[in-house]
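What follows is a single structure, written as structure tokens, with notes after it.
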Amino acid sequence: MLLRVASVSPKTSLFLSHFRRSSSNTLLLHSKCFRYFRLCHTSSFKLIFNVKNRPRNPISMERKARHFSTASAEALTRNSMDSGSRMSRKKARREAPEMILRVRLDQCSKNGDLAEALRLYEEARANSVELNVHHYNVLFYLCSSNLESLDKGFEIFKQMGIDKVAPNEATFTNVSRLAAAKEDPELAFSLVKQMKDHGIAPKLRSYGPALFGFCKKGMADKAYEVDFHMINSGVSAEETELSALLSVSSQVKREGKVYEMMHRLRTTVRQVSEETAAAVEDWFTSTKAAEVGAEKWDVRNVNKGILEGGGGWHGQGWLGKGNWRVVRTRMNEAGICQSCREKLVCIDIDPEETENFSKSLAKLASEKEAKTNFAQFQGWLQRHGPFDAVVDGANLGLANQHVFSFAQIKRVVNQLREISPSKKLPLVVLHRARVTGGPAQHPNNKQLLESWKKAGALYATPQGSNDDWYWLYAAVSSKCLLVTNDEMRDHLFNLLGNSFFPRWKEKHQVRLQYSSEEGLTLRMPPPYSSVIQ
């Protein structure tokens, strides 16, 4: 048997197979003052303009001028008084004892100065300064980093309760860290449980002190209890937490839990960290790992499991007994292991998972693009799609260019058409401004755009829209390739989560690569999935 912990850096070429419309995918180990000035200026301009277009009456004009001057002076006086009042209030807030204390405590936090923070705390209490939750949280944070001040931290927490200052998530998390530093994960866990009583939703960081504390002490069952509480609270464990659970499961020889954590890592983590790789190696080189596993199994069930899972895993538990051979190795461009010559597979995405992602993407896009009627695009796509490929026109037109190039888009579009099984033009998505102005006015480009439009292969996104939603939705709903160098890491894409989307990108994103010899070429998705297999 073989465990491979691989360092992967795939370089790939064009693969016609990537055009299959399967739901396949992957898995491996301004200022107010200025605005007021503008309004005054505009109003004065309109008054003068209107006067010029009326029969002149010197007396009336003089009266109006006096009225205008008086009104303007009164308005300026009122605004000056309001401004002075606002400045006075701001100054009062800045000089309030509570604000002075906050600024000084924040400085202590920045410098790690616990002694000065505690002195400021005692001084504030002696002077009857009202402390708020922020003051307390800074104190808890500083106390948790000093072993000699842990008891003082709990004393301050008790005083916070006496003062009836409502805690927040940061309060409980910082006090949990106090408990963890005191090597009391049970107390840390009880504090997390109290959060719900206060109507506070725990975060992943809230669970860390308890979970890591139990794992460090080898208290596996308590660690599993924390994990169960996280799941029920809708908090998903990430690599660090799963790695700790894997390590403690291996330590106490719970092979079922080791198997569970390995699969949770497989579905959560693209490429494991060095620490997780070491934890995996520790298990497979252990005596227990050699002892567990069925000696007989139904090959049909194994093959069925692999097929239903999309490839790369079977989900039938540990199979076979004996020592594992653990080596560090590399994969070549085709995904073949340089140690055992086994080829890594390209793991399909569950069709239902793809459909659910497509629906959630459409819902998000419809909310964000409500003013531009995203539903209209969905209807257009149903009439003209599906496509074998979708092109992010703005990204491609500017790739390695200082000026937008329609000729560059044309070359790539023709390449994609040649290798498409249906020989259908890919869908080019461009903002309306790109297809009506600038280079688009050139006769050749006008002709090109018109040909794409007639073929149903061009969609111009409306004014005020974000074209990212359009090309992404088109590619996901068509289950096809997406040609773009956009890394898709900004806020928009963060809304999509980090579970399914990275796997979809790996399977469907075609990148553009430039070289002086070949110019712009397409780099197809890798022929294997970079996940635990």
Side-chain angles (χ1 to χ4, degrees), residues 11-22 24 333 377 380-381 383-461 467-468 470-488 505-527:
K11 293 179 181 178
T12 52
S13 57
L14 254 59
F15 282 86
L16 184 60
S17 61
H18 286 294
F19 275 103
R20 289 198 304 266
R21 285 199 202 111
S22 62
S24 52
E333 293 180 355
F377 172 64
W380 184 93
L381 201 58
R383 294 191 301 274
H384 296 87
F387 295 89
D388 291 328
V390 174
V391 175
D392 174 5
N395 187 273
L396 175 52
L398 288 169
N400 204 54
Q401 299 285 328
H402 297 295
V403 180
F404 194 84
S405 173
F406 280 101
Q408 187 160 269
I409 301 177
K410 179 183 177 181
R411 283 195 298 271
V412 172
V413 164
N414 289 340
Q415 272 187 274
L416 290 167
R417 185 177 192 175
E418 285 176 17
I419 59 176
S420 163
S422 67
K423 300 303 177 185
K424 183 178 181 178
L425 281 171
L427 171 62
V428 179
V429 178
L430 282 167
H431 195 274
R432 183 171 293 169
R434 291 285 186 193
V435 301
T436 57
Q441 294 300 307
H442 190 281
N444 290 343
N445 295 335
K446 269 188 173 183
Q447 187 178 354
L448 177 65
L449 290 167
E450 189 59 34
S451 68
W452 288 347
K453 187 177 179 180
K454 286 182 178 178
L458 173 67
Y459 191 85
T461 61
D467 58 352
D468 292 5
Y470 293 78
W471 48 253
L472 181 57
Y473 176 75
V476 172
S477 61
S478 291
K479 303 180 180 65
C480 69
L481 295 176
L482 171 62
V483 184
T484 183
N485 272 358
D486 194 320
E487 292 297 336
M488 294 180 264
K505 279 203 302 179
E506 183 185 63
K507 182 79 175 176
H508 296 83
Q509 185 176 5
V510 178
R511 300 176 185 274
L512 305 158
Q513 199 165 29
Y514 180 82
S515 67
S516 55
E517 297 82 17
E518 300 180 50
L520 208 62
T521 57
L522 300 178
R523 191 175 62 165
M524 302 300 284

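Nothing here was measured: the structure is a model prediction, and the numbers come from that model.
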So, using side chain to side chain contact (heavy atoms under 4.5 Å, CB included) as the criterion, who are the partners of [X] when residues are at least two apart?
X    : result
T521 : Q513, E518
R411 : A407, Q408
N395 : D392, T484, N485, D486, L512

### Message
Can you pull out every ring-ring contact (aromatic ring centres under 6.0 Å, His included) where at least one residue sits in residues 406-432? Sequence neighbours excluded, please.
### Response
F404-F406
### Task
Might you confirm whether atom NZ of K423 has over 12 heavy atoms from other residues, nucleotides or ligands at distances under 6.0 Å?
yes
### Query
By side-chain hydrogen bond (donor to acceptor under 3.5 Å, both in side chains), which residues pair with R511, not counting sequence neighbours?
E487, Q509
## Note on the structure
Taken in chain and number order and not counting sequence neighbours, the residues that satisfy side-chain hydrogen bond (donor to acceptor under 3.5 Å, both in side chains) with Y470 are T372
### Task
Output yes when a side-chain donor or acceptor of K424 lies under 3.5 Å from a complementary backbone atom of R417, and no otherwise.
no
#### Entry: Side-chain heavy-atom pair V483, P426 within 4.5 angstrom cut-off
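Side-chain contact under 4.5 Å: no.
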### Query
Given side chains that start at C-beta, do those of L430 and D467 come closer than 4.5 Å, heavy atoms only?
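Contact flag for L430/D467 side chains = no.
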Hey, could you give me the [atom1]/[atom2] distance between [X] and [Y], rounded to the nearest 0.5 Å?
X    : Y    : atom1 : atom2 : answer
D388 : L425 : CG    : CG    : 10.5 Å
C480 : L427 : SG    : CG    : 8.0 Å
T461 : W471 : OG1   : CH2   : 12.0 Å
D468 : M488 : CG    : CE    : 9.0 Å
L416 : L522 : CG    : CG    : 5.5 Å

#### Entry: F387 and W380 aromatic ring geometry - parallel, tilted or perpendicular at 30°/60° bounds
parallel
### Nearest heavy-atom neighbours spanning V510 and P525
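What the structure gives for the nearest pair is CG2-CD, 4.0 Å.
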Pairs under 3.5 angstrom only: tabulate donor-acceptor contacts from the side chains of residues 445-452 to other protein residues two or more places apart or in another chain.
unit_1: N445; atom_1: ND2; unit_2: P439; atom_2: O; d: 2.7
unit_1: S451; atom_1: OG; unit_2: L448; atom_2: O; d: 2.5

### Message
Which residues pass the ring pair (Phe, Tyr, Trp, His ring centres under 6.0 Å) test with H442, not counting sequence neighbours?
### Response
none
